Protein chains: 2
Amino acid sequence: MKKVLSIADIARKLNISITSVSFILNGKAEEKRISPELAKRVLKLVNDVGYVPNQLAKSLRTGKTNIIGLIVEDISNPFFANVARLIEENANDRGYKIFYCSSENNTIKTQELIKVFRERQVDGYIITPAAGIEKDIVSLLNNQAKVVLFDRYLPSINTSYVIVDNMGGSYKAMTHLIQQGFKNIGIVTLKSDQTQMQKRLEGYTLAMEEHGLKLCIKKIKFHDSTENIIDEIKDFISKNIKLDAIFFATNYLGVAGLEAIKQLNISITSDLGVLSFDDHDLFRLYSPSISVLAQPIEEMSENLINILLDHLDEEKESVKQIMLSPKLILRESTQR
Amino acid sequence: MKKVLSIADIARKLNISITSVSFILNGKAEEKRISPELAKRVLKLVNDVGYVPNQLAKSLRTGKTNIIGLIVEDISNPFFANVARLIEENANDRGYKIFYCSSENNTIKTQELIKVFRERQVDGYIITPAAGIEKDIVSLLNNQAKVVLFDRYLPSINTSYVIVDNMGGSYKAMTHLIQQGFKNIGIVTLKSDQTQMQKRLEGYTLAMEEHGLKLCIKKIKFHDSTENIIDEIKDFISKNIKLDAIFFATNYLGVAGLEAIKQLNISITSDLGVLSFDDHDLFRLYSPSISVLAQPIEEMSENLINILLDHLDEEKESVKQIMLSPKLILRESTQR
DNA sequence: GCTCTTGGCTAAATCGCTTTAGTTAGGTAA
DNA sequence: TTACCTAACTAAAGCGATTTAGCCAAGAGC
């Protein structure tokens with residue numbers, strides 16, 4: 001088993017001290033008055049033998065890992081995958097690596113992930129908090145950890161976060177539907193107390209009530225299988241024959257909804273208007289194309305990484321809370 | 001700044017040695033004859049003060065990080081996102097964490113990622129190799145690193161890998177199209193020398209030639225923007241008016257293809273049969289639904305993690321090369 | 001009374017790096 | 001000649017864990 005080379009091996013081969021090698025490798029040769037000749041010799045050897053520094057040792061010594069822990073709800077959900085991808089790019093450009101994991105919006109899993117991140121000494125955290133995770137976040141903050149929440153926040157904790165104006169967005173979307181002449185508009189959302197879902201429902205409710213329309217709400221159980229969700233939606237549609245439009249509160253409900261509508265052989269637009277939260281390839285390309293309330297994922301990821309890196313730099317605590325506006329993209333499914 | 005507690009702090013508080021604390025925390029209390037009473041006291045304190053072990057130090061000492069580096073082409077591509085998700089789950093159950101990154105199928109980026117993984121001392125690597133990465137993989141292997149490739153392999157290197165029978169799959173898909181009566185079948189693929197794309201093209205060619213049909217091939221430049229890809233496909237279809245079916249060699253070409261076809265106002269199935277490599281929500285739900293050659297992602301991820309963990313356990317080198325069969329899923333788009 | 005066990009615990013080396021506080025040799029200034 | 005610089009380099013402590021080798025006291029066996 002060929003042992004992997006350490007800085008000490010390099011020093012030994014050149015008959016110099018470890019210190020010198022370290023200075024040279026860290027670009028401090030001049031500052032520390034190492035002669036250019038020595039620097040050149042070291043760099044050449046390092047390159048020739050393919051020496052790679054051990055970041056574990058480095059981080060242990062310096063207390064910095066240059067790693068950001070990112071917990072998303074589900075990396076196979078295109079919304080989160082895209083945000084993750086953008087955050088990764090952004091972080092990379094600024095010298096940070098992202099360690100990302102899916103929480104499945106499960107409290108226990110999230111707790112475990114936070115523990116793993118702590119053990120690995122990540123420099124900062126970006127988290128889509130699952131319900132019931134308040135204590136763990138507070139504990140992080142108490143330990144001076146740098147945390148930014150996203151997609152949703154925890155009302156009882158004063159942390160930094162980046163979210164979307166869920167209520168305003170939903171209200172805007174609903175207003176559009178109503179202006180198009182839809183009257184019996186239903187919402188399909190999740191049974192959830194989390195802020196993002198609550199606010200989407202509030203936006204729907206507010207718009208409907210302002211126009212004196214009757215509410216028609218379907219709440220789907222969290223973590224239900226796709227098949228069940230489809231069945232639930234079919235059931236909802238069948239039992240509310242007067243429905244003329246549906247607002248889906250999140251992308252996978254929208255996807256399941258399309259499947260349900262297809263199975264029921266209902267024609268979108270002429271029989272039923274459709275609008276969904278979150279954009280998706282499917283919504284863009286579906287026939288008819290589906291109107292959506294798209295989250296500004298570039299802006300979100302940029303804000304997330306900026307805020308977190310700011311926190312890492314500053315000594316004193318500060319809290320930044322950003323609310324971005326989702327964008328209403330009108331397509332065929334809401335055209336009358 | 002509240003300092004994070006170390007094992008030494010725990011020992012000091014109880015007036016015992018670091019060694020004892022370490023033994024207890026690692027479940028070696030009995031084996032090392034630590035009295036149950038002491039063990040209990042330590043565990044209680046650890047729990048009360050919320051001590052979390054420093055994995056950096058642990059890994060530095062033991063030489064094991066329990067981290068697997070995973071390089072996929074693009075985490076925002078549903079195929080890779082799903083595989084990543086499954087690998088993560090599998091690895092988790094077996095005590096490993098996944099560190100994943102997107103290579104964008106770019107050689108330089110991949111090299112950098114491999115370097116990062118080496119620096120971070122990952123225990124093993126799962127890589128979708130970009131073109132021209134042979135030297136770097138060989139270098140890894142020379143350093144006794146444990147590596148499994150997937151999605152494609154490097155013919156010049158004898159490594160473990162998990163791939164799909166691209167040629168057989170394509171051949172099967174083409175045979176289906178031909179049996180359905182399609183005669184002027186085109187393929188839209190990527191300009192790429194990588195094995196996966198080559199084999200898909202070979203499968204197409206073989207089937208067509210066996211039936212005496214004329215080839216009609218469109219190769220799209222790698223990393224082209226979605227808009228350009230759509231334009232290229234529109235151009236391809238317009239210039240080959242006799243085409244009666246198209247086989248898309250990978251998911252995002254298929255997605256772009258649907259958009260192109262939609263823009264050209266061509267009716268799928270009656271005017272043009274469509275079949276794509278890789279499954280996708282969009283293909284399942286599109287109207288008409290699109291037939292696909294789906295990769296067995298559960299099986300792939302299981303094999304990947306199993307092979308890698310086997311490698312981690314065994315002393316002697318061994319090479320495992322697995323080829324799985326993709327599954328032809330027939331939908332409306334190829335029904336005549 | 002003496003040796004041998006064994007139970008219960010610990011000192012110190014080590015992993016690979018950074019960083020502080022030097023050392024040494026040769027040159028200048030007075 | 002002596003004191004002081006400076007350029008060029010280095011010894012050793014420390015980050016937080018694991019692990020080897022060993023200490024000490026009390027009881028067992030003869």
Side-chain angles (χ1 to χ4, degrees), chain A residues 1-43 46 49-67 116 118-123 143, chain B residues 1 3-43 46 49-67 118-123 143:
Chain A
M1 187 88 176
K2 198 161 124 192
K3 198 190 139 263
V4 41
L5 292 171
S6 76
I7 204 175
D9 298 315
I10 301 291
R12 203 171 308 121
K13 285 195 195 218
L14 292 175
N15 229 323
I16 59 173
S17 77
I18 294 180
T19 312
S20 300
V21 179
S22 174
F23 285 153
I24 292 166
L25 288 179
N26 288 296
K28 295 189 183 160
E30 241 180 306
E31 174 192 344
K32 299 292 184 178
R33 304 196 226 159
I34 303 291
S35 67
E37 298 81 53
L38 219 209
K40 214 165 292 170
R41 284 172 60 212
V42 168
L43 260 13
V46 159
V49 300
Y51 163 79
V52 173
N54 183 327
Q55 266 291 341
L56 296 179
K58 213 165 173 162
S59 295
L60 178 59
R61 181 60 231 248
T62 60
K64 253 218 134 201
T65 52
N66 280 287
I67 293 184
V116 169
R118 283 184 64 181
E119 290 176 349
R120 306 274 173 189
Q121 317 292 124
V122 302
D123 291 339
N143 284 286
Chain B
M1 187 90 175
K3 197 189 140 263
V4 43
L5 292 171
S6 77
I7 202 175
D9 298 315
I10 302 290
R12 203 171 307 121
K13 286 194 193 216
L14 291 175
N15 231 322
I16 59 174
S17 77
I18 294 181
T19 313
S20 299
V21 180
S22 174
F23 285 154
I24 292 166
L25 287 178
N26 288 294
K28 294 187 182 162
E30 242 179 304
E31 174 192 344
K32 298 292 184 180
R33 304 194 225 156
I34 303 290
S35 67
E37 297 80 56
L38 219 208
K40 212 165 293 170
R41 282 172 59 213
V42 168
L43 260 13
V46 159
V49 298
Y51 163 79
V52 173
N54 183 326
Q55 267 292 341
L56 296 178
K58 211 164 174 161
S59 296
L60 177 60
R61 181 58 233 250
T62 60
K64 255 219 131 201
T65 53
N66 280 289
I67 293 185
R118 284 184 65 181
E119 290 176 350
R120 306 273 173 188
Q121 318 292 121
V122 302
D123 291 339
N143 285 286

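All chains are named by letter (A, B, ...) in the order of the sequence lines, taking the proteins before the strands, and each is independently numbered beginning at 1. Note that the coordinates shown come from a computational prediction; the quantities given were computed from them, not determined experimentally.
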Between N or O atoms, less than 3.5 Å apart, protein on one side and nucleotides 4-7 of chain D on the other: list the pairs.
residue: dA7(D); atom: OP2; partner: R33(A); partner atom: NH1; Å: 2.8
residue: dA7(D); atom: N7; partner: R33(A); partner atom: NH1; Å: 3.1

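To the nearest 0.5 angstrom, E31(A) atom CD is 10.0 Å from N26(A) atom CG.
Scanning all heavy atoms of the two residues, the minimum distance from I18(B) to A11(B) falls at N-CB, 3.8 Å. Summarising the geometry of I24(A) relative to A39(A), their closest heavy-atom pair is CD1-CA, 3.7 Å, with the distance given to 0.1 Å.
You'll find the side chain of V4(B) stays beyond 4.5 Å of the side chain of N143(A), heavy atoms only. R120(A) places a side-chain heavy atom less than 4.5 Å from the side chain of I67(B).
For D123(A), the side chain to side chain donor-acceptor pair (under 3.5 Å) test picks out T65(A), with sequence neighbours left out. In this view, R33(B) satisfies the side chain to side chain contact (heavy atoms under 4.5 Å, CB included) rule with no residue, not counting sequence neighbours. Residues passing the side chain to side chain donor-acceptor pair (under 3.5 Å) test with K64(B) are Y96(B), sequence neighbours excluded. For V46(A), the side chain to side chain contact (heavy atoms under 4.5 Å, CB included) partners at least two apart in sequence or on another chain are I10(A), L25(A), V42(A), Y51(A). With sequence neighbours excluded, the residues forming a side chain to side chain donor-acceptor pair (under 3.5 Å) with Q55(A) are S59(A), listed by chain and number. Qualifying side chain to side chain donor-acceptor pair (under 3.5 Å) partners for R61(A), counting only residues two or more places apart in sequence or in other chains: none.
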Exercise for the section: Summarise protein proximity over nucleotides 17-22 of chain D in one line of letters, 5' to 3': B for base, S for sugar-phosphate only, - for none, counting protein heavy atoms closer than 4.0 Å. Expected result: BBBB--
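First and last contacts of DNA chain C with chain B, using any nucleotide atom under 4.0 Å from a protein heavy atom and ordered 5' to 3', fall at dT6(C) to dG16(C).
In the helix from dG1(C)-dC30(D) to dA30(C)-dT1(D), the end axes, each obtained as the rotation axis mapping the C1' atoms of four pairs onto the next four within a five-pair block, lie 70° apart to the nearest 10 degrees.
Residue pairs meeting the salt bridge (charged side-chain N to carboxylate O under 4.0 Å, His left out) criterion with at least one partner in residues 8-30 of chain A, sequence neighbours excluded, are K3(A)-D9(A), D9(A)-R12(A).
Atom CG of L38(A) and atom C1' of dC9(D) are 8 Å apart (whole Å).
Within the 4.0 angstrom heavy-atom criterion, only backbone atoms of the sugar-phosphate kind lie near S35(B); the bases stay farther away.
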Handout entry: Verdict with reasoning, I7(B) to S22(B), per side chain to side chain contact (heavy atoms under 4.5 Å, CB included)
Key = CA-CA 7 Å; I7(B) 202 175; S22(B) 174; 3.8 Å; yes
